[in-house]
**Student:** 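My questions will all concern the structure given below.
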Amino acid sequence: MSLRTFFVSRAAQHITGLRRQEKARARAEAERRKTGAMHTIDYYHQADDPYSHLMVQVLPRLVERYEIRIQVHLVSPPPDWAAPDRDRLIDYSRRDAAVLARKAGLDFDDPGHQPAPTQVEQAEAALAALIDAKQAVGRAAAVSAALWREDAPTTPAADPNRVQAIKAEGDTKRDAGDHYLGAMLHYGGEWYWGLDRLHHLETRLTELGARQASAPADPIFPPPPVPAQPGEEKGGEPPVAPVQAGTEVHAYLSFRSPYSYLAAVALRDLAEHHGAVIRPRFVLPMVMRGLQVPATKGRYIVMDVAREARRLGIPFGKIADPVGEPVERGYAVMPYAIAEGRDMAFSLSFLTGVWADGIDAGSQSGLQQIVERAGLDWSVAKGEIGTDGWRAIEAANQAELLDLGIWGVPSFRVGAVSAWGQDRLWVMDAALEALKPHEAADENAVQL
């Protein structure tokens with residue numbers, strides 16, 4: 001390992017570490033106490049974003065459960081760099097939000113299209129008026145529901161100039177906080193995306209003593225439990241029966257994606273739990289596909305992954321960014337790993353190496369370490385470095401991913417069911433469960 005890799009990985013470990021997070025939170029709380037302010041959460045709402053529609057449905061529950069104040073901000077859609085394949089992202093977001101709504105017991109069905117621009121303008125005008133009247137927390141959900149039903153809002157509307165001013169204020173405040181999406185909550189220097197990160201905010205508020213005594217102990221939307229390992233008991237019940245032999249989970253991963261790392265670790269456990277086979281489908285990182293990943297996005301992703309890794313008990317933070325040649329070297333080894341039936345073992349070894357162990361995959365010694373601990377022969381693997389056979393495989397994987405209506409990683413497919421994001425492994429869990437014979441249908445099962 002070079003000195004540069006050593007120091008950079010140790011610096012990343014410090015920046016993403018629990019100790020630094022705790023210090024930052026303590027400073028934010030000390031500042032709040034000094035000013036005597038309430039716990040104040042900023043919420044950023046994009047009118048035609050389905051995830052924002054889900055969030056406004058739970059805002060009233062948040063203020064009932066915690067001694068907090070929520071400031072609602074109206075914002076524009078994300079910039080092009082944050083949505084490089086905007087049409088696919090928009091279509092997928094509706095489909096995904098519909099699945100998420102059913103899981104969370106919220107109201108949203110994918111209408112198959114976005115609301116018309118005139119209806120979005122009407123909704124924004126109504127939301128702006130509610131923001132001015134300080135009534136958005138309690139009443140925004142009704143406006144959002146009317147928008148997705150394609151009904152006109154029944155509440156008063158702000159004039160167009162005021163709407164634009166409120167959106168500009170929201171965009172400016174969001175930009176100043178280093179973010180770019182709707183459905184975002186911001187509290188004490190940290191960002192929380194929609195329902196999927198709400199439990200982190202609730203845990204933090206509870207630790208600060210802000211939870212009402214009468215509030216339920218369970219979070220509004222609990223994170224999915226980590227699946228039991230084979231042979232383990234879960235909830236006092238015996239392990240589940242395996243799926244049919246040969247059942248596959250296609251996993252679309254990028255070696256430069258820290259979310260792919262989290263997903264690969266959890267997916268390994270999930271597949272073993274169900275007796276399924278993982279088929280890694282490696283694709284190039286976004287920046288190596290000519291897409292932008294500005295520093296703003298990179299910073300948020302790394303800090304969010306660090307927080308999730310701590311929750312999951314997965315090592316993370318000693319980072320040796322593999323962008324460029326290290327990724328290509330790893331992908332060059334993949335055809336050999338596939339032939340040996342060690343493709344998932346190699347993927348896990350590589351991802352763990354660059355995101356948790358600080359291994360420089362661009363060096364011979366670093367890649368050798370990654371290869372050998374995956375159970376592969378280095379004398380064979382090193383002969384693959386510099387070859388281009390992997391490019392045709394990557395192109396086919398990317399085409400397969402796009403055919404699913406998805407462009408990002410990590411993504412997954414079981415049969416005809418697909419999902420994007422390490423937060424959606426519960427969708428794969430349900431898809432695998434649905435392949436097993438059952439005497440009676442589970443009325444609580446997630447409908448995919």
Side-chain angles (χ1 to χ4, degrees), residues 1-17 251-269 271-272 278-285 287-288 301-302 305-306 309-310 312-391 393-394 397 409-410 422:
M1 180 189 299
S2 68
L3 281 177
R4 182 181 183 278
T5 299
F6 176 85
F7 286 116
V8 169
S9 65
R10 295 316 188 271
Q13 187 179 30
H14 167 71
I15 291 169
T16 60
Y252 304 88
L253 307 172
S254 159
F255 283 1
R256 207 240 172 172
S257 162
Y259 287 123
S260 288
Y261 163 54
L262 293 189
V265 174
L267 184 61
R268 174 197 60 196
D269 298 341
E272 289 180 359
I278 305 172
R279 297 298 184 202
R281 300 287 186 247
F282 59 91
V283 298
L284 282 171
V287 294
M288 295 173 68
I301 288 173
V302 168
V305 169
R310 283 192 287 273
L312 296 168
I314 296 173
F316 176 79
K318 205 182 289 184
I319 299 169
D321 189 349
V323 66
E325 184 182 350
V327 165
E328 293 189 350
R329 287 160 57 86
Y331 286 179
V333 174
M334 278 296 285
Y336 164 51
I338 292 169
E340 293 295 312
R342 305 294 298 169
D343 44 347
M344 191 58 188
F346 178 68
S347 298
L348 276 167
S349 182
F350 192 103
L351 287 162
T352 304
V354 300
W355 294 110
D357 299 333
I359 297 175
D360 180 5
S363 69
Q364 288 293 88
S365 61
L367 189 56
Q368 180 177 355
Q369 182 180 353
I370 289 169
V371 165
E372 290 181 341
R373 70 184 188 179
L376 295 169
D377 186 336
W378 172 242
S379 66
V380 177
K382 68 180 178 181
E384 301 297 319
I385 298 171
T387 61
D388 287 336
W390 63 271
R391 294 188 185 276
I393 301 173
E394 190 279 334
N397 293 342
V409 295
Q422 59 97 16

**Student:** Minimum heavy-atom separation for A306 and F316, please, with both atom names.
**Tutor:** CA-CD2, 3.6 Å

**Student:** Which pair of heavy atoms, one from I278 and one from L267, lies closest together, and at what distance?
**Tutor:** CD1-O, 3.6 Å

**Student:** What is the distance from atom CG of L348 to atom CZ of F346, rounded to the nearest 0.5 Å?
**Tutor:** 11.0 Å

**Student:** Tell me if a side-chain donor or acceptor on Y336 pairs with a main-chain N or O of D377 at a distance below 3.5 Å.
**Tutor:** yes

**Student:** I want to check something: taking the side chain as every heavy atom from C-beta on, are V323 and P285 in contact at a cut-off of under 4.5 Å?
**Tutor:** no

**Student:** Test side chain to side chain contact (heavy atoms under 4.5 Å, CB included) on M288 and E328 and set out the steps.
**Tutor:** CA-CA 10 Å; M288 295 173 68; E328 293 189 350; 3.7 Å; yes

**Student:** Is the shortest heavy-atom distance from the side chain of R329 to the side chain of I370 under 4.5 Å?
**Tutor:** no

**Student:** What I want to check is whether the side chains of Q368 and E372 have a donor and an acceptor closer together than 3.5 Å.
**Tutor:**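 Present: a donor and an acceptor within the cut-off.
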
**Student:** Looking at E384 and P335, would you say the former's side chain and the latter's main chain have a donor-acceptor pair under 3.5 Å?
**Tutor:** no

**Student:** Atom CG in D269, atom CD1 in I314: separation rounded to 0.5 Å?
**Tutor:** 8.0 Å

**Student:** Does L312 reach the side chain of V265, with side-chain heavy atoms less than 4.5 Å apart?
**Tutor:** no

**Student:** Which salt bridge (Lys or Arg N to Asp or Glu O under 4.0 Å) pairs, counting each pair once, include a residue from residues 331-342, with sequence neighbours left out?
**Tutor:**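 Applying salt bridge (Lys or Arg N to Asp or Glu O under 4.0 Å) to every pair that reaches into residues 331-342, excluding sequence neighbours, yields nothing.
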
**Student:** Say whether, by atom type as modelled, one donor and one acceptor occur between the side chain of S9 and the main chain of A320 under 3.5 angstrom.
**Tutor:**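 No; judged by distance alone, with no hydrogens or angles, the pair does not exist.
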
**Student:** What closest approach, in Å, do F255 and M334 show between heavy atoms, and which atom pair accounts for it?
**Tutor:** CZ-SD, 4.0 Å

**Student:** Roughly how far apart are L262 CG and L351 CG, rounded to 0.5 Å?
**Tutor:** 9.5 Å

**Student:** Can you spot which of L253, D343, I393 makes a side chain to side chain contact (heavy atoms under 4.5 Å, CB included) with F282?
**Tutor:** I393

**Student:** Determine, step by step, whether R373 and T352 satisfy the side chain to side chain contact (heavy atoms under 4.5 Å, CB included) criterion, reporting the C-alpha distance in whole Å, the side-chain angles of both residues, the deciding distance to 0.1 Å, and the verdict.
**Tutor:** CA-CA 11 Å; R373 70 184 188 179; T352 304; 4.0 Å; yes

**Student:** Hey, do the aromatic rings of W390 and Y331 have their centres closer than 6.0 Å?
**Tutor:**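 They qualify: ring centres under 6.0 Å apart.
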
**Student:** Looking at every non-hydrogen atom in both residues, tell me the closest pair between S254 and V409 and how far apart they are.
**Tutor:** CB-CG2, 3.6 Å

**Student:** For S260 and S257, does a side-chain donor sit closer than 3.5 Å to a side-chain acceptor?
**Tutor:** yes

**Student:** For K382 and S379, work out which heavy atoms get closest and say how close.
**Tutor:** CG-O, 3.7 Å

**Student:** So, taking the atom named CH2 in W355 and the one named OG1 in T16, what distance separates them when rounded to the nearest 0.5 Å?
**Tutor:** 10.5 Å

